[in-house]
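Model, not experiment: these values are computed from the prediction.
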Amino acid sequence: MEIWWQTDEMQGYVQEVLIHINGAREAGINSTERCKRLFDALNKLWSAHNQNYFAFHGRYYDTESNEHPSDNKSLFALLTQGIPDALQEELAFSPELQQLVEFDPKILNHDVLRRHRYVPGQQIEPTLLGKANETHKKLSNAYIRFTAEKSAITQTAVLKKAAQLIYVVRSNIAHGEKTPYGPDKEKVQRDEQVCAKVAPLLALIINLIFDKPDHKFLVYGTLAPGQPNHMVIENLHGTWVNCQITGQLKETNGLMHLNWHPYADDIQVKMFTSDDLPQSWSAIDKFEGSDYCRILVPAKIEGTKVITNTYQ
């Protein structure tokens, strides 16, 4: 049975999502820029999820209004409907989410601050501070209840509050540092600190939506079984299958180079799936060197679409 993002109608969205994710992997960008690119990927994903739900049900998932849901609600729906049930618990228990919950000082909603005309550089009045960090406090409280009483209800509550706080972070970095009283230079530093914690969580969410591509490795060159450099991964436990990818393979100085393109011809390659891969990517990246960039690409295994890592 196809997962919602595997349908033919979703492939345009998926291609755009992968472009944003691969952009977030570029070397040299700061955490705020990485978050922006991952948020662009998530935005495309929740738009695709909305469209898929509407096509299947003939209505939006927000049955109370039957109107197109807000981005905030769309993100919550993506976490609770777009991620397979078996993996939602992994998100709720993840160290990435825990790090966001425990981030100190609590994340402020800068829209609340602006509407109450705070002045950059001046101490925020306690009542206003309480209003501005209310979303984070609600997530912390929901997380405490979840860890004390693990149930479907408390888990859903945690994911709902997490979606709300993640959306606050998205809005904060989208609105920049402008205020009626001039730029808030301290906000730039705060955004960077927050995004350093949020970016790994966003990457995890995307990884779970796409059924863990960090456990998948599309191999087309010397790392394949029987090839000269297979020893780099031969001690990893996993399985090999034949698969197809669209693109071009070219040989330069005796080494193969892949150029992935969604509308190119099919190429027959191999895919390695292993629970050992997430802890091994740094070593494989180092082996591949700076001439190769690890990216996510779509592939097919006996007609079924998957998302996998490869080098380009």
With a 4.0 Å cut-off, would you call [X] and [Y] a salt bridge?
X	Y	answer
Arg37	Glu33	yes
Asp184	Arg190	yes
Asp40	Lys44	no

Evaluate whether atom [atom1] of [X] has more than 12 neighbouring non-hydrogen atoms of other residues, nucleotides or ligands under 6.0 angstrom away.
X	atom1	answer
Gln123	CD	no
Gln189	CD	no
Asp275	CG	no
Lys300	NZ	no

N/O donor-acceptor pair under 3.5 Å between [X] side chain and [Y] backbone:
X	Y	value
Asn242	Gln268	no
His230	Gly226	no
Asn172	His110	yes
Trp46	Ala77	no
Thr154	Glu149	yes
Asn22	Leu296	yes
Tyr118	Glu125	no
His136	Leu100	yes
Thr246	Tyr263	no
Thr222	Asn229	no

Problem - Candidates Leu18, Asn207, Thr308, Leu277 - the one meeting side-chain contact (heavy atoms from CB on, under 4.5 Å) with Pro213 - result: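 Among the candidates, only Asn207 passes.
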Just how far is it from atom [atom1] of [X] to atom [atom2] of [Y], taken to the nearest 0.5 Å?
X	Y	atom1	atom2	value
Lys305	Trp5	NZ	CH2	9.0 Å
Glu134	Lys106	CD	NZ	12.5 Å
Leu129	Leu108	CG	CG	6.0 Å
Ile166	Leu75	CD1	CG	5.5 Å

Check: [Y] and [X] side chains under 4.5 Å, non-hydrogen atoms:
X	Y	value
Tyr220	Ile245	no
Tyr143	Gln98	yes
Asp111	Ser171	no
Asn72	Gln164	yes

Handout entry: Under 3.5 Å side-chain donor-acceptor pair for Gln88 and Asp85
Key =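 Result is yes, a qualifying pair exists.
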Practice task
Check the side chains of Asn50 and Ser74 for a donor-acceptor pair under 3.5 angstrom, ignoring hydrogens and angles.
Solution key: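 There is such a pair (donor and acceptor under 3.5 Å, judged by atom type) between the side chains of Ser74 and Asn50.
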To check you understand the geometry: which heavy-atom pair defines the closest contact between [X] and [Y], and what is its length?
X	Y	result
Lys137	Gly130	NZ-O, 3.4 Å
Lys161	Ala142	CG-CB, 3.9 Å
Arg294	Asn309	NH1-OD1, 3.1 Å
Ser47	Tyr13	CB-CE2, 4.1 Å

Linking I/L/V/M/F/W/Y whenever any side-chain heavy atoms sit under 4.5 Å apart, do [X] and [Y] land together?
X	Y	value
Phe210	Trp4	yes
Trp240	Tyr311	yes
Ile29	Leu202	no
Met271	Ile267	no

Exercise for the section: Run the ring-centre check on Phe93 versus Phe146 and record whether the distance is less than 6.0 Å. Expected result: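 Close enough - the centres of the two rings lie under 6.0 Å apart.
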Problem - is_close_aromatic(Tyr292, His257), centroid dist under 6.0 Å - result: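 Yes, close enough.
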